[in-house]
Structures are given as C-alpha cells and as structure tokens.
Amino acid sequence: MYEIQEELKEYYSELDPKKRLEILNSFPENESVNFLHELYHSRYSDHDNKGRKNVDWWLWRCICLHQLYSKGGLFRRFRDKEVKRIISELYMEDSSHQAILYHEYRNLARRYLSTCKSANYASSFMGFKKADDNEKVIRACKDIWQMSKGAAWSAGVEDEMHLWIEAFHDEIEDYDSLCKEEYERLNSKIRRK
Amino acid sequence: MNENKFMSAFKANAIWLVFIAEIAIFYYFNPKFLSLPNIVSISRQVSYYGIASIGMTFVILIAGIDLSIASIVVLVNVVCAHLMMNMGWNMWLAIIVSIAMATLIGVLNGFMVSTIGIPAIIATFASQTIFRGLSYILSGGLPIPDVLRYDPSAGLNGDPILGFFARWSLNHWDIFPRTGIGLIPVCAIIMVICFAVGSFILNKSYFGRYFYAIGGNEEASELSGIRVNKMKYLIYALSGFFAGLAGIVVLSRTGSAQASSLIGFEFEIITCVVLGGVSVAGGIGHMSGVIAGVLIIGSLKSGMVMANVSEYTQMVVQGLVLAVAVGFDCFSKKRQAS
C-alpha cells in the first residue's frame, strides 16, 4: 500500500543516523528527497537545544508516548496535550507524504526494537534476573503497542495516529512470530474496556 | 462506570484500600490508635521514612538500588552532632555541611555504578559498610547524647565568628520535632514538601521522564539522547541528599547520634517503595503509591508497638511484608509475560 522507490529501500533499512545521512546525500534533489531531508533534521536534531550529539528525537518521543500511555487520573489533561504535541512534531497529520512517513515510522520502530535484544532489557530484580528471548519479545511487543495503539487509545486520537499505529503494527508483526498473537491480546484488552 | 473501569480504578488504588483496612484493624483492637497524640506521633515517625524513600524511589525507578541509605542517615547524624556538640559549629552550618556530605556520598555511589560499572547492589553495599564504619570511628562507638540541649557556646574556644553563629542558632535546634503548624509537626511538613518536590520531578519535569525511560529501556534512552551516566550520578546524588535530610530529621527527633542505630533501615525504605508499587524491574511506579507505602509501614510499626508486639516479631512481620511486596511485583510481571 505504501510503495516506495527501490533506491530508498537502503535508506529505510539503515538504522545508523550517520550512514543514513550519507545515503540521503547521495540522492538527487527532488520534492520527496527534500522532504526526507526535512524529516532527517527533525528526527536527529536536539529540539531541547542542550548541545547533545547523537540525538534521535523521534525515538525520545516514542519513549514519551510509551510513558504517556499509563498516565491518567490527575494527569489526563497533561497526557492529552502532550500526545497532541507529539502528533504535530512527528508529522502524523501530514497526509501528502504518507508512504515516506510510513517507512520512516517503521524505521523508527525498528530502531527501538534493535535495543530490545540487549542483555539488560526486560530484566527484573535490579538487573539480576535476566529475561529469556521469549520474555524480551513479549515485552518489546508490549512496548511497541503502548507507544502506538495504546497511547492513541488512551488519549482518544486513534484516527490522527492511524499511520503511526499501522507502521508500528506492521513492524512488530515482522519482528517475531510471537508478536501477532500478543498484539491481538493487547488490542482485545482495550476492546473489553 | 462499567465493570472493567471499576476493576482498573480498584487496582490503581488498592494500596490505599490496604492502608484503610490496616487502620481499621488497628482501631478495632485499640481505639487509641486513632487518637490525636498517636496520629501526631506516627506523622513524626513516618517523616524520615518518607523523606528517605523519595531518593530510593528514583533509584529503584532506574532499576537500581541504594543499600547505603541507612549508613548515610547514621553518618549525617553523627557528623552533624559531632560538629555541633564537639566542635561548637553553628547548627545551620552543621546541617548544610552534613547534607552536602550525604549528597557527595550519593555522587560517589553514582561514580561506582555509572563510571566504574560496579553493580548497584555491590557498590552501595560497599558504601554502606564504609560509611557505617566511619560513623563508628568518628563517634568512637559511643553515642553523642543531648543534641536537643545543644549549647553552641561550648567548645568554641573563644572564636568570635563561630561564637556569633552559635548565639544566633541558640535554641533553634528543637524546631523539627517540637513545633509545627497547629498540631502538624515541622518534620511532617518537610516530608510533605519533599513528596511534592519528588512528585513534581517525576510527573512534570524532563528529569522524571528520563528516570522512567532509563528504567524502561536504558539502551533506547541512550540512543534517544539521554545522558544515562550523568542521570545516574544525579539520581544517586538525589538519593544521598534525601537520606541526608532524613538524617537531620532523625537527629532532631531522637536527640542523640548513635553509629549503631537504624540497622536494616534501608530494607524498611525498600519495603515502603516496593509496597507503593514501584517495580524492582524499573520504569514503573508513582510517588502517590510510595506515600501510601510509607503510611502503611509507619502505621504498622506504630500499631504493633501499641499492641505490645515484641521487637523481634516486628522484624519478622516487616520481613514478610517486604517478601510479599517484592513477590507480588515479580508475580504480576510473570503473569503479564505469560
């Protein structure tokens, strides 16, 4: 559904920001590539202006969405406001570059998932009990669900975030065979509510 | 409200229901449990638990642990009392120096955990031993008594500057335990302010989000631009700071500094925090739950004292509460994963 040109595939499969920039710079200039440059700078710039290097701002906003999912009660208004801000910052309202955004979101989800194989991920009891591979996959699926479908559902913005949800869903389904069932289980939880 | 929403609200506030049930049980067996003097007494007792648990909450949120809290509290006790009673320092100066020292110990813990890479449980256990030992050395193994009758004019050796500060601070020492706004003791007010600050940090500041992020997925946090190592320094420093503040409150409450006091205090603090819903796996927990955890442990201790339960039995009960709280956390994680 979200077809892209063959030459862009390498760009989307690469996770390292420096290598991505090299690939991006090798493309001839056109409207799509200009938009890719815009996205690149939006994603890898320090929006807080704290002079930090190697920032993946979008990954940070993913983590924020993950946290916002569980915010409720007194912090409901804060959560809704913040989710709307993220929608705007991460171009989720842009309807003219759906394919580019879809693949950028999938790249982002893949970068998050690349961190979910580390030794400490999903460990418990202050890192002493390490998680096995299945536990890591289940936890990664839960994280992805919470930062996409879960966050959108809790803030009531599923329509505005549909592309984001779709990209994250497709990425997690390709990640591991266990994820499809787990994702569906998490979805059914909110359907019951 | 449908059934699922009711269950969610019930689960979210279950800790407060436990607290209410506990109060009801103790009240049933001894109506004096809810008498005004006892409530004031509990509020004094929980104040230092509450203050120390804020730092521990931050540490556990990043999937760490700080076993040196009790030793920091005791060292602050001994150092502050020593500076005032043996060296004639001004009270406020002694307090500031002691808390600064506690914060530096926190930074040292951060250095061991973050820069050297020693596991938090080992690094802070080493600190615990070192600073407990230093407390014994400094106090000669003897208590420093009568801090509440602090006379700053003694031991000044005629120093005019110290003498000035000493006169200024005369009779100020007992502000923490004795006075308050109405019936609310000052130490309880300090605890409330600390909880408000802790809650603000966790819920409204970027630092709070960093804490949750590091506890949830450290590698992703690093990639997203968070300086994880610096954050660890900050968190352990905050833990030291709050432990130092708790130490001052303990000193003002007990009126004497003793290197052998507060054995096992760190585990009581861990119990409060974990009971309050902060996951030992990191990344999950709220300050409101910790407040409930502190109140439950404080009331439990007070209730058991009123029911004439022996100190040894109290230890057994507290150990059981810790095991149940951590066990529940691990069990719920396992259930979610299966």
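Each chain gets a letter, A, B and so on, in the order its sequence line appears, and its residues count up from 1.
Distance check: A/Leu59 CG to B/Ile226 CD1 gives 9.0 Å after rounding to the nearest 0.5 Å. Interatomic distance, A/Gln67 CD to B/Ile284 CD1, rounded to the nearest 0.5 Å: 11.0 Å.
Residues of residues 205-216 of chain B that come closer than 4.5 Å to chain A, counting heavy atoms only, are B/Tyr206, B/Arg209, B/Tyr210, B/Tyr212, B/Ala213, B/Gly216, ordered by residue number. Residues from residues 61-68 of chain B that place a non-hydrogen atom less than 4.5 Å from a non-hydrogen atom of chain A comprise B/Ala63, B/Gly64, B/Ile65, given in numerical order. Residues from residues 84-112 of chain A that place a non-hydrogen atom less than 4.5 Å from a non-hydrogen atom of chain B comprise A/Arg85, A/Arg111, A/Tyr112, given in numerical order.
Using a 4.5 Å cut-off between heavy atoms, B/Leu223 touches chain A through backbone and side chain atoms alike. A/Tyr44 does not touch chain B: none of its heavy atoms, backbone or side chain, sits under 4.5 Å away. With a 4.5 Å cut-off on non-hydrogen atoms, A/Cys141 does not touch chain B at all. Looking at A/Ser123, the atoms closer than 4.5 Å to chain B (heavy atoms on both sides) all sit in the backbone: N, CA, C or O.
Taking the side chain to side chain contact (heavy atoms under 4.5 Å, CB included) definition, one finds that A/Glu14 meets it with A/Asp16, A/Lys19, A/Arg20, A/Ile23, sequence neighbours left out.
Side-chain contact between B/Lys204 and A/Phe78 is present, with heavy atoms from C-beta onward closer than 4.5 Å.
Each of A/Glu82, A/His66, A/Arg61 has some count of heavy-atom pairs under 4.5 Å with chain B, and the biggest count is that of A/Glu82. Your options are A/Tyr121, A/Trp58, A/Trp57, and the one with the most heavy-atom pairs under 4.5 Å with chain B is A/Tyr121.
Closest heavy-atom contact between A/Ser114 and B/Glu219: O-OE2, 4.5 Å. Contact record, A/Cys116 with B/Asn217: SG-ND2, 4.0 Å, taken as the closest heavy-atom pair. Residues A/Val55 and B/Ser224 approach most closely at CG1-O, 3.5 Å, considering heavy atoms.
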